[in-house]
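Letters A, B, ... mirror the listed sequences (proteins, then strands); counts begin at 1.
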Number of protein chains: 2
Amino acid sequence: MILSRIILGLLAIAPLSGADLKRHFDSTVNHFWSADKAQIYRTLAALVAEGLASVTVVPGTGAPDSQEHRITDAGRAALVAWLTSELDRQPERDAFIARIFLAESLDDEAVGRLLELRRSAALGQLAALEAIEASTGPARTRGEHLRLATLDHGLRHVRTELEWLDIVEEQLP
Amino acid sequence: MILSRIILGLLAIAPLSGADLKRHFDSTVNHFWSADKAQIYRTLAALVAEGLASVTVVPGTGAPDSQEHRITDAGRAALVAWLTSELDRQPERDAFIARIFLAESLDDEAVGRLLELRRSAALGQLAALEAIEASTGPARTRGEHLRLATLDHGLRHVRTELEWLDIVEEQLP
DNA sequence: CACCCCTAGTAGACTTGTCAACTAGGGGGA
DNA sequence: TCCCCCTAGTTGACAAGTCTACTAGGGGTG
């Protein structure tokens with residue numbers, strides 16, 4: 001459900017193929033959602049079956065043909081309906097924090113290793129977010145403004161994560 | 001997999017029944033994991049089948065009998081193995097941020113409503129975390145220290161969220 | 001007593017997401 | 001030419017998580 005609406009939202013910005021979408025889920029929107037390619041193609045097929053999107057085959061130049069999907073009017077309506085619907089409560093899920101919570105049988109060194117792994121993951125995210133930030137100019141349209149705000153959201157949380165790691169590591173020895 | 005290890009970790013702190021675990025997933029550990037009761041009971045059965053936990057029926061006083069699960073030696077070994085294994089990379093998933101990212105067809109008022117919903121959710125989480133914080137004394141053991149650190153993690157992120165909401169709402173009109 | 005509600009635990013169907021292997025065609029290099 | 005690799009898309013099996021409805025017993029209330 002959520003994935004289908006996110007895809008619809010991306011199609012509302014521009015027509016895309018399954019491979020294009022996969023690229024988005026691996027980069028620009030990766031900071032709030034990701035998706036397996038199998039799932040993307042199946043969702044796309046479902047959207048077409050429901051009449052929320054349409055397909056046209058675009059002959060590939062030096063690459064396989066791609067199936068460009070565009071949002072339909074019904075699709076736009078479904079998108080707005082979702083955007084304004086009740087917020088789906090989302091469960092927090094953080095396996096790393098779970099480990100720290102349960103780590104009493106580990107020695108300081110092992111906990112330190114876990115923290116270091118988390119730090120490098122966080123630094124990776126930070127770099128990815130900064131790369132996106134650098135590659136987008138200043139917000140000119142309403143849409144760009146909103147997208148920048150979500151980028152900022154990601155950056156703030158990653159920085160908070162790094163600060164927390166500093167503090168916890170300091171307390172360890 | 002992750003859920004089974006988290007349950008194992010909780011059983012390592014104290015023996016618990018399925019209902020006890022459900023209470024934990026709804027309160028103390030809710031800030032990093034939650035679980036459906038059907039899933040908890042099935043996982044518990046699997047742990048027993050694998051020999052990682054054992055059950056004893058405890059006659060209920062004024063309530064149905066409960067099945068107390070305790071971790072076995074094999075269970076402790078499996079727990080440590082998980083705690084020190086490679087970090088499972090976890091995909092970010094935030095349907096609310098997705099909406100903001102895709103909200104260009106919404107007017108400011110509708111976006112403002114979304115932000116307000118998110119704010120009240122965040123305030124609810126903040127209250128829940130502060131309630132847990134208030135109900136736990138200062139950390140005396142190693143385990144308590146680590147658990148407090150994860151609470152602090154949650155608090156910091158919730159506060160970051162509230163700050164971000166302030167800034168975005170300020171920029172809206 | 002009959003009724004209702006509460007807790008502990010169970011079961012089935014279903015949705016969502018993941019993994020791995022596969023087709024099909026183009027292009028490039030030995 | 002043969003082989004390999006790349007991209008786009010497809011499929012099946014499966015794991016994880018959710019939703020709904022259910023059994024079974026205790027206890028309190030009219």
Side-chain angles (χ1 to χ4, degrees), chain A residues 1-8 11 15-27 29-30 32-50 53 55-69 82 86 88-95 98, chain B residues 1-8 11 15-27 29-30 32-50 53 55-69 82 86 88-95 98:
Chain A
M1 185 61 209
I2 295 178
L3 180 63
S4 72
R5 298 306 114 143
I6 293 176
I7 289 179
L8 226 37
L11 295 183
L16 299 166
S17 67
D20 293 336
L21 281 164
K22 180 57 181 157
R23 276 185 286 273
H24 276 293
F25 283 111
D26 287 344
S27 56
V29 304
N30 190 260
F32 61 83
W33 210 271
S34 61
D36 185 83
K37 84 197 246 204
Q39 209 189 342
I40 291 169
Y41 283 108
R42 283 195 258 248
T43 304
L44 238 18
L47 286 174
V48 172
E50 290 171 285
V55 218
T56 32
V57 175
V58 175
T61 57
D65 295 357
S66 67
Q67 303 182 10
E68 214 175 59
H69 290 73
W82 177 67
E86 279 307 292
D88 6 46
R89 59 148 181 62
Q90 40 194 9
E92 300 291 332
R93 283 186 187 284
D94 192 328
Chain B
M1 184 61 211
I2 295 178
L3 179 63
S4 72
R5 299 304 115 144
I6 293 176
I7 288 179
L8 226 36
L11 295 183
L16 298 167
S17 68
D20 293 335
L21 282 164
K22 180 57 181 157
R23 277 185 286 273
H24 276 294
F25 283 112
D26 286 344
S27 57
V29 304
N30 189 261
F32 61 82
W33 210 270
S34 61
D36 185 81
K37 94 198 236 195
Q39 211 189 339
I40 291 170
Y41 284 107
R42 282 193 260 250
T43 304
L44 238 18
L47 287 174
V48 173
E50 289 172 285
V55 218
T56 33
V57 175
V58 175
T61 58
D65 296 354
S66 66
Q67 303 181 10
E68 216 176 57
H69 291 72
W82 178 67
E86 280 306 293
D88 5 46
R89 60 148 181 61
Q90 41 195 9
E92 300 291 332
R93 286 189 183 280
D94 191 328

Atom-to-atom span, NE2 of His24(A) to C1' of dA8(D) - whole angstrom: 16 Å
Spacing of Leu44(B) atom CG relative to dA16(D) atom C1', expressed in whole Å: 16 Å
Ala38(B): side-chain contact (heavy atoms from CB on, under 4.5 Å) partners, not counting sequence neighbours: Asp36(B), Arg42(B)
Contact nearer the 5' end of DNA chain D, comparing Ala35(B) with Ala19(A): Ala19(A)
Leu3(B) side-chain proximity, nearest of dT18(C), dA8(C), dG17(D): dG17(D)
Euclidean distance, atom CG of residue Leu16(A) to atom P of dA8(D) [Å, nearest integer]: 12 Å
Touch class at under 4.0 angstrom, heavy-atom based, for Arg89(B) against every strand present: sugar-phosphate
Could you list all N or O pairs between the protein and nucleotides 10-16 of chain C that sit under 3.5 Å apart?
unit_1: dG12(C); atom_1: N7; unit_2: Arg42(B); atom_2: NH1; d: 3.3
unit_1: dG12(C); atom_1: O6; unit_2: Arg42(B); atom_2: NH2; d: 2.6
unit_1: dT16(C); atom_1: OP1; unit_2: Met1(A); atom_2: N; d: 3.0

Residue closer to the 5' end of DNA chain C, Gly18(B) versus Pro91(B) (nearest nucleotide): Gly18(B)
Atom-to-atom span, CG of Asp20(B) to C1' of dG9(C) - whole angstrom: 13 Å
Contacts of type side-chain contact (heavy atoms from CB on, under 4.5 Å), residue Phe32(B), not counting sequence neighbours: Asp94(A), Ile97(A), Ala98(A), Phe101(A), Val29(B)
Qualifying residues under salt bridge (charged side-chain N to carboxylate O under 4.0 Å, His left out), relative to Arg23(A), sequence neighbours excluded: Asp20(A)
Side-chain N or O of Arg23(B) closer than 4.0 Å to phosphate OP1/OP2 of dA8(C): yes
Under the salt bridge (charged side-chain N to carboxylate O under 4.0 Å, His left out) test, residues paired with Asp88(B) that sit two or more places apart: Arg99(A)
N/O (side chain, Arg93(A)) to phosphate O (OP1/OP2, dA16(D)) under 4.0 Å: no
Heavy-atom pair of closest approach, residues Leu3(B) and Gln39(B): CD2-NE2, 3.5 Å
Beyond-backbone contact of Tyr41(B) with Leu21(B), side-chain heavy atoms, under 4.5 angstrom: no
Spacing of Ile7(B) atom CD1 relative to dG9(C) atom P, expressed in whole Å: 12 Å
Where Lys22(A) and Ile40(A) come nearest, the two heavy atoms and their spacing: CA-CD1, 3.7 Å
Minimal non-hydrogen separation, His69(A) against Leu11(A), with atom names: O-CD2, 3.5 Å
Separation of atom CG in Asp88(B) from atom P in dA15(D), rounded to whole Å: 17 Å
Measure all distances between protein nitrogen or oxygen atoms and nitrogen or oxygen atoms of nucleotides 24-28 of chain D, and list the pairs falling under 3.5 Å.
none

pair Leu8(B)-Trp82(B): side-chain heavy atoms closer than 4.5 Å: no
Spacing of Phe25(A) atom CZ relative to dT18(C) atom P, expressed in whole Å: 11 Å
